[in-house]
Amino acid sequence: MPHDLPKAYDPTAIEDQWAEYWVRENLFAQPTPAPGEPEQGEPFTILLPPPNVTGRLHMGHMLNQTEMDILTRWRRMSGRRALWLPGTDHAGIATQMMVERQLTEEGTSRQQLGREAFVARVWEWKRHYGGAILDQMKRLGASVDWQREYFTMDENLSVAVREAFVRLYEQGLIYRGAYIVNWCPRCQTAISDLEVVHEEQKGHIWEIRYPVVGPDNKDTGEFITVATTRPETMLGDAAVAVQPEDERYLHFHGKKLRLPLVGREIPIILDDWVSRDFGTGAVKVTPAHDPNDFELGKRHHLPSINVMDETAHINTEGGVYAGLDRYVARKRIVADLEAQGLLVAVKDHTSNIGHCDRCKTVVEPRLSKQWFVKIKPLADKAIEAVKDGHIRFTPEMYTKTYLNWMENIYDWCISRQLWWGHRIPAWHCGTCGKITVPAPNMSPDPTACSHCGSDELTQETDVLDTWFSSGLLPVSVFGWPNFTVKKLGAPGLDSETWDGKVDRDDFNAFYPTSLLVTGFDILFFWVARMIMLGIWFAQDIPEADGSPRTLARSVPFKEVYIHALVRDANREKMSKTKGNVIDPIEIVKQYGTDAVRFTLASMASPGTDIAFNIARTEGYRAFANKIWNAARFLFQNVDRAAEIGIAVDRAALGHMPDANQFDRLEDRWIVAELHSASGKVNAALENYRFDDAANVIYQFFWGSFCDWYLEIVKLRLDFSETANKPRIAAALTMLITVFEAALRLLSPFMPFMTEEIWQAVYDGNPPAKSIAVTTYPQAETKPIDTVAQIDMNTVQTVIVETRALRKEIGVEEKATTAIELRIGAGDRGVVEQNRGIVERLAKISEVRFVDQITAGLPLRTRFNLDVAVVYQRTIDIPVERDRLTKDVAKYEKGLAAAERQLGNEAFLKKAPPHVVEGLKKQEAETRLLLEKARAALNALPPEA
RNA sequence: GGGCGGUUAGCUCAGUUGGUUAGAGCGCCUGCCUUACAAGCAGGAAGUCGGGGGUUCGAGUCCCUCACUGCCCACCA
């Protein structure tokens with residue numbers, strides 16, 4: 001059967017079909033192991049960081065997925081029970097915004113629809129468009145278990161969210177109260193500290209006079225000048241604070257001020273928090289609109305006067321300013337103050353302004369009732385787990401970042417005033433006003449107030465922060481808390497199929513997960529929350545044998561690999577506004593998934609940002625093409641052999657070839673190279689060195705296999721009349737064996753092309769459904785055949801030096817030439833045995849072994865050999881003189897350095913013996929090379 | 001205001017616990033359609049490792065310092 005591979009590698013012709021095949025065949029499904037089932041290897045579990053349902057695939061995703069896919073494919077092929085679990089996040093704000101925008105276009109709004117209809121509408125949106133990013137993932141060949149795909153609002157995951165909430169509530173770790181929170185006036189919801197991005201902005205600081213009121217309620221004519229960056233909040237001022245010892249204000253202690261524009265009388269309070277050096281040393285206190293002022297207000301029992309509504313417009317508390325947007329109000333207030341002569345100064349001032357991470361609106365600190373997690377107890381466990389080494393970060397420096405954040409953590413505001421999300425499972429009593437939360441262990445909704453027994457209960461309208469549910473994923477995807485439900489393949493609860501037994505098989509098999517691969521941008525949002533919540537809830541789940549779970553076994557993952565940012569070729573952050581976003585799908589269409597994956601892998605050095613350079617991708621497409629053509633070469637020869645009745649033995653395929661089976665130098669050598677490469681690749685992947693692994697494979701395939709081995713094998717592929725059939729058969733068998741193993745080595749990096757070629761290698765009868773489920777070439781435990789490597793190196797040296805020499809002296813490309821070779825007795829035997837290789841690859845007609853190179857012949861010199869081309873040279877003497885002069889200088893410098901070192905007593909005494917020995921050897925070599933180079937320089941004919 | 005990175009060839013980046021003459025890809029120069037591949041083959045040029053100081057027998061690698069640059073965290077009005 002002919003193997004008809006097109007001449008040029010065309011990724012588009014093969015990739016779709018394999019991507020689809022892998023999904024259709026459920027190739028990467030990892031079923032729940034039944035209890036008692038013999039172990040199929042140690043599990044390797046990895047969770048996909050769930051993209052937002054609204055998401056579109058960007059380069060960051062592709063890097064993340066490529067890394068996870070390489071590791072998962074590698075582990076799977078290495079015998080691990082690999083499970084890569086995909087899903088999407090409901091992404092509260094992002095998704096709600098998306099649908100709201102649609103409604104606006106339709107001339108309606110979520111308010112007009114009402115909550116229920118709106119949520120239904122979002123579900124509908126999700127059903128239509130929600131899977132886009134996972135479809136893109138499928139196309140990229142991610143080897144995930146699609147049967148386990150989840151959505152964070154699936155019923156079983158919602159049960160987990162509710163259970164987590166009620167348990168934390170019962171443990172006293174969730175509370176509700178009125179606090180200053182970050183409020184986004186556009187999204188009209190509270191957001192957490194993490195969702196606020198600070199940005200330095202130029203603004204002003206206004207100095208305003210507040211009149212002092214005398215005992216008769218009349219102005220005394222004195223003033224205190226306060227400084228503020230936000231004059232509009234003065235409408236809600238409850239006091240002015242000064243430092244108690246500040247002599248400037250001593251005589252005002254105990255007096256009152258009249259709040260300008262409002263007329264309210266407010267006290268002067270004393271507090272050490274006030275800094276005398278900043279502004280005027282007098283601070284206006286607005287408890288409802290500033291976190292510091294809020295604390296101050298609590299200490300001094302001041303009223304909190306909220307002057308803004310949820311859209312940051314002034315409310316009725318603001319009197320004549322009511323209804324104005326906060327910035328309009330600011331202008332108006334400043335103007336009015338000026339008119340009344342109360343504005344002392346306007347100074348330039350730069351400050352950090354908080355913006356909503358999602359919509360970039362300036363955040364308004366706002367007093368409102370919210371739900372919080374008392375996070376310290378969870379954080380303590382999370383700190384301990386990392387300090388004790390149960391979770392390891394790569395790169396290591398993130399350990400510090402993580403601990404620093406954890407140790408300074410603030411309570412987590414988990415309530416959001418949205419409609420799309422997990423509604424908080426708490427009920428307010430219409431009679432006594434208290435809160436009722438269901439009991440743990442999946443109790444039903446309460447029907448009566450737990451405090452007064454009233455049945456006037458209404459559920460809290462707030463929903464939970466998206467990260468609350470994604471933070472639970474490591475436990476919830478494996479069935480927690482409702483282990484009685486088999487959920488595999490069924491997106492909702494299905495209690496009818498429950499046999500009544502606790503079923504924790506998934507959890508037992510796959511928790512803790514092995515690894516998390518993600519970007520640093522969600523280190524706190526997600527990674528830290530998973531660690532806290534994962535430990536907190538997993539620690540109560542006994543081990544399969546009933547023994548209690550240790551902290552080491554409670555963590556949600558044992559390793560965290562943090563990858564860098566993908567930037568554009570100029571190291572600029574990709575952003576829509578800059579217009580430098582590279583769409584991975586576009587690049588994939590152009591160069592193929594394999595080439596893009598390989599590019600990302602080869603640049604993914606831990607801790608370094610990736611400047612995505614299309615030139616690299618072009619290079620790796622060329623690499624793919626190279627392998628493609630090596631396959632074509634192989635198949636063409638297999639077919640030619642078949643025509644004259646030579647069958648290639650495929651029996652040995654699927655294993656690493658054993659070097660001892662071969663006696664030809666090139667065979668022993670390529671096997672040694674393959675073993676060496678596979679050892680390096682395995683070691684590199686073990687340490688997340690995707691770049692090293694990719695480079696080793698590239699070098700092996702191109703530098704060793706194609707450049708040398710294929711060229712040498714051609715010697716034996718002689719299909720002329722005198723064809724030596726057994727020799728051809730042996731050569732092809734060897735070739736195909738090495739090639740097949742190398743394909744497996746490459747497979748995790750370039751899954752598509754290797755699949756296509758691997759299937760072809762087996763001529764329609766592959767031993768497995770896919771190369772992805774074959775065995776990965778493992779590091780050889782036997783020592784690598786270094787003798788073959790050294791001998792081959794000698795042969796290569798002769799060839800390379802001859803080629804260089806021929807080029808230098810201007811031998812025409814096609815001409816063959818004789819060489820003279822001066823070489824030691826041992827190496828001479830190697831060259832003699834492989835004379836055919838040398839002759840063919842260096843276009844040599846005859847190798848003359850000599851003791852002394854004939855004077856006048858152009859020669860090249862190495863430590864262990866001299867080679868000269870027998871040819872009437874047309875040498876460019878100045879160029880040659882230049883080259884040799886440079887050589888002499890280089891050797892002189894090297895020799896001097898070596899001699900200096902070796903003459904140093906301290907060096908000889910202190911340096912390890914192998915270093916001293918190495919240097920001595922180098923000194924001897926350099927000395928010889930220097931002598932030879934000098935001689936050659938002297939032998940050069942004088943310039944014409 | 002704290003903290004963490006980066007600076008190596010024209011470009012993009014590697015360089016393990018200090019150890020022999022610092023590497024790769026792309027680009028560049030020269031010559032080649034050689035029984036797979038011009039997305040190829042062969043040969044070649046190119047770096048005072050950001051500056052300065054120190055430790056050491058020995059520094060791209062460790063320490064100090066300066067410069068430039070990027071990022072994270074932080075409630076001073």
Side-chain angles (χ1 to χ4, degrees), chain A residues 5 7-9 180 198 205 226-230 233 241 273-275 277-280 282-286 290-295 349 351-352 354 365 395 397-398 400-401 404-405 408 520-521 523-524 565 569 571 573 602-603 605 607-613 615-616 618-637 687 689 691-692 695 698-699 706-707 710-711 714 717 719 800 803-808 810 812-814 843 883 890-891 893-894 897-898 901 904-912 914-923 925-926:
Chain A
L5 295 186
K7 182 171 173 180
Y9 159 67
I180 297 276
H198 291 274
I205 189 160
V226 301
T228 180
T229 52
R230 307 187 53 218
T233 61
W273 173 80
V274 181
S275 145
D277 311 321
F278 193 90
T280 59
V283 195
K284 60 190 270 314
V285 182
T286 322
D290 183 281
N292 291 309
D293 293 8
F294 181 74
E295 290 302 317
H349 187 256
S351 55
N352 266 324
M397 64 165 181
Y398 285 107
K400 237 179 183 175
T401 311
N404 188 46
W405 185 80
N408 297 292
F520 67 83
D521 51 330
L523 180 61
F524 305 137
L565 221 60
R571 302 197 59 77
K573 216 168 175 169
S602 72
M603 302 190 77
S605 175
T608 319
D609 282 351
I610 294 177
F612 190 87
N613 198 332
R616 290 284 291 260
E618 278 172 18
Y620 292 122
R621 183 187 53 177
F623 176 55
N625 186 55
K626 186 80 183 170
I627 294 162
W628 187 261
N629 277 289
R632 284 182 64 225
F633 173 79
L634 202 161
F635 294 151
Q636 281 169 9
N637 281 286
N687 293 305
R689 290 306 305 255
D691 56 336
D692 282 350
N695 290 337
Y698 183 94
Q699 177 52 40
C706 290
D707 285 352
L710 280 189
E711 293 305 321
K714 281 177 183 173
L717 298 178
F719 292 95
V800 167
R803 282 171 177 169
L805 206 46
R806 280 169 52 97
K807 178 92 171 177
E808 190 184 303
E812 315 84 88
E813 200 73 24
K814 282 181 176 167
K843 297 203 175 79
R883 189 182 71 81
K890 187 175 76 184
Y891 295 143
K893 199 177 148 200
Q901 277 272 69
N904 187 329
E905 285 289 317
F907 170 72
L908 296 176
K909 224 161 46 191
K910 291 184 184 176
H914 75 273
V915 172
V916 177
E917 279 313 303
L919 193 63
K920 278 186 182 161
K921 192 170 159 230
Q922 183 210 325
E923 189 218 13
E925 285 180 17
T926 310

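Below, chains carry the letters A, B, ... as their sequence lines are ordered, and counting in each starts from 1. On a predicted model such as this, the values are computed, not experimentally measured, just so you know. All heavy atoms count here, side chains included; hydrogens, waters and symmetry mates do not.
Between B:rA14, B:rU12, B:rG44, one nucleotide has an atom nearer to the side chain of A:Met603 than all others, and that is B:rU12. With B:rA36, B:rA14, B:rA77 as the candidates, the nucleotide lying closest to the side chain of A:Asn629 is B:rA36. Closest to the side chain of A:Phe633, out of B:rC37, B:rA36, B:rU34, is B:rA36. Taking the side chain of A:Ala615 as heavy atoms from C-beta on, and the options B:rA77, B:rA39, B:rC26, the nearest nucleotide is B:rC26. Nearest to the side-chain atoms of A:His349 among the listed nucleotides B:rA77, B:rA39, B:rC72 stands B:rA77. When distances are taken from the side chain of A:Glu813 to each of B:rG31, B:rG43, B:rC75, the shortest belongs to B:rG31. Here the nucleotide nearest the side chain of A:Asp707, chosen from B:rA39, B:rA14, B:rC41, is B:rC41. Among the nucleotides B:rA14, B:rA77, B:rA36, the one closest to any side-chain atom of A:Ala630 is B:rA36. Comparing atom distances between the A:Arg689 side chain and each of B:rG40, B:rG43, B:rA14 picks out B:rA14 as nearest. Distance from the side chain of A:Val283 is smallest for B:rA77 among the nucleotides B:rG43, B:rC72, B:rA77.
Note: A:Asp692 CG to A:Ser605 OG = 7.5 Å, rounded to the nearest 0.5 Å.
Minimum interatomic distance between A:Thr233 and A:Arg230 (heavy atoms only, all atoms of both residues): OG1-O, 2.8 Å. The two residues A:Glu813 and A:Lys843 make their nearest non-hydrogen contact at O-CD, 3.2 Å.
Between B:rU12 and B:rU7, the two C1' atoms lie 14 Å apart (nearest whole Å). As rounded to the nearest Å, B:rA42 and B:rU34 have C1' atoms that lie 10 Å from one another. Taking atom C1' on both nucleotides, B:rG50 is separated from B:rG70 by 15 Å, rounded to a whole Å. B:rG60 and B:rU48 have their C1' atoms separated by 12 Å, with the value rounded to a whole Å. Taking atom P on both nucleotides, B:rA45 is separated from B:rC63 by 36 Å, rounded to a whole Å. Nucleotides B:rG47 and B:rC4, compared at atom C1', are 29 Å apart to the nearest Å. Spacing between B:rA67 and B:rU30 at atom P, rounded to whole Å, works out to 45 Å.
Here A:Val274 lies in heavy-atom contact (under 4.0 Å) with a base. Heavy atoms of A:Tyr698 sit under 4.0 angstrom from primed sugar atoms or phosphate atoms, though from no base atom.
The nearest whole Å value for the distance from the CG atom in A:Asn637 to the P atom in B:rA36 is 9 Å. In this structure, the CG atom of A:Leu634 is 14 Å from the C1' atom of B:rC37, given to the nearest Å. The nearest whole Å value for the distance from the CZ atom in A:Arg230 to the C1' atom in B:rC76 is 14 Å. Note: CZ (A:Arg632) to P (B:rA39) measures 14 Å, nearest angstrom. Rounded to an integer number of Å, the gap from CZ of A:Arg806 to P of B:rU34 is 15 Å. If you take NZ of A:Lys843 and P of B:rG31, they are 16 Å apart, rounded to a whole angstrom.
Of the possible polar contacts, none joining the A:Asn404 side chain to the A:Lys400 backbone as a donor-acceptor pair under 3.5 Å is found.
A donor and an acceptor atom, one from each side chain of A:Asp691 and A:Asn695, are nowhere located under 3.5 Å apart. Side-chain atoms of A:Ser602 and A:Tyr620 form a donor-acceptor pair, as typed in the model, at a separation below 3.5 Å.
In the interface, the side chain of A:Lys807 is paired with the base of B:rU30 through a donor and an acceptor atom under 3.5 Å apart. If you check distances only, the side chain of A:Glu711 never reaches the base of B:rA42 with a donor-acceptor pair under 3.5 Å.
Residues satisfying the side chain to side chain contact (heavy atoms under 4.5 Å, CB included) criterion with A:His349, sequence neighbours excluded, are A:Ile205, A:Thr229, A:Phe278, A:Ser351. Every side chain to side chain contact (heavy atoms under 4.5 Å, CB included) that A:Asn352 has, sequence neighbours left out, goes to A:His198, A:Glu200. With sequence neighbours excluded, the residues forming a salt bridge (charged side-chain N to carboxylate O under 4.0 Å, His left out) with A:Glu711 are A:Lys714, listed by chain and number. Listed by chain and number, the residues in a side chain to side chain contact (heavy atoms under 4.5 Å, CB included) with A:Ala804 are A:Arg860 (sequence neighbours excluded).
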What dot-bracket string describes RNA chain B from 5' to 3', counting Watson-Crick and G-U wobble pairs whose defining distances are under 3.5 Å, with [ ] for crossing pairs and | for pairs to another strand?
(((((((..((((.....[...)))).(((((.......))))).....(((((..]....))))))))))))....

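For the pair A:Arg803 and B:rG43, the criterion of a side-chain N or O lying under 4.0 Å from OP1 or OP2 is met.
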Scan nucleotides 1-9 of chain B nucleotide by nucleotide, 5' to 3', and note B when protein non-hydrogen atoms come under 4.0 Å of the base, S if they reach only the sugar-phosphate, - if neither.
---S-----

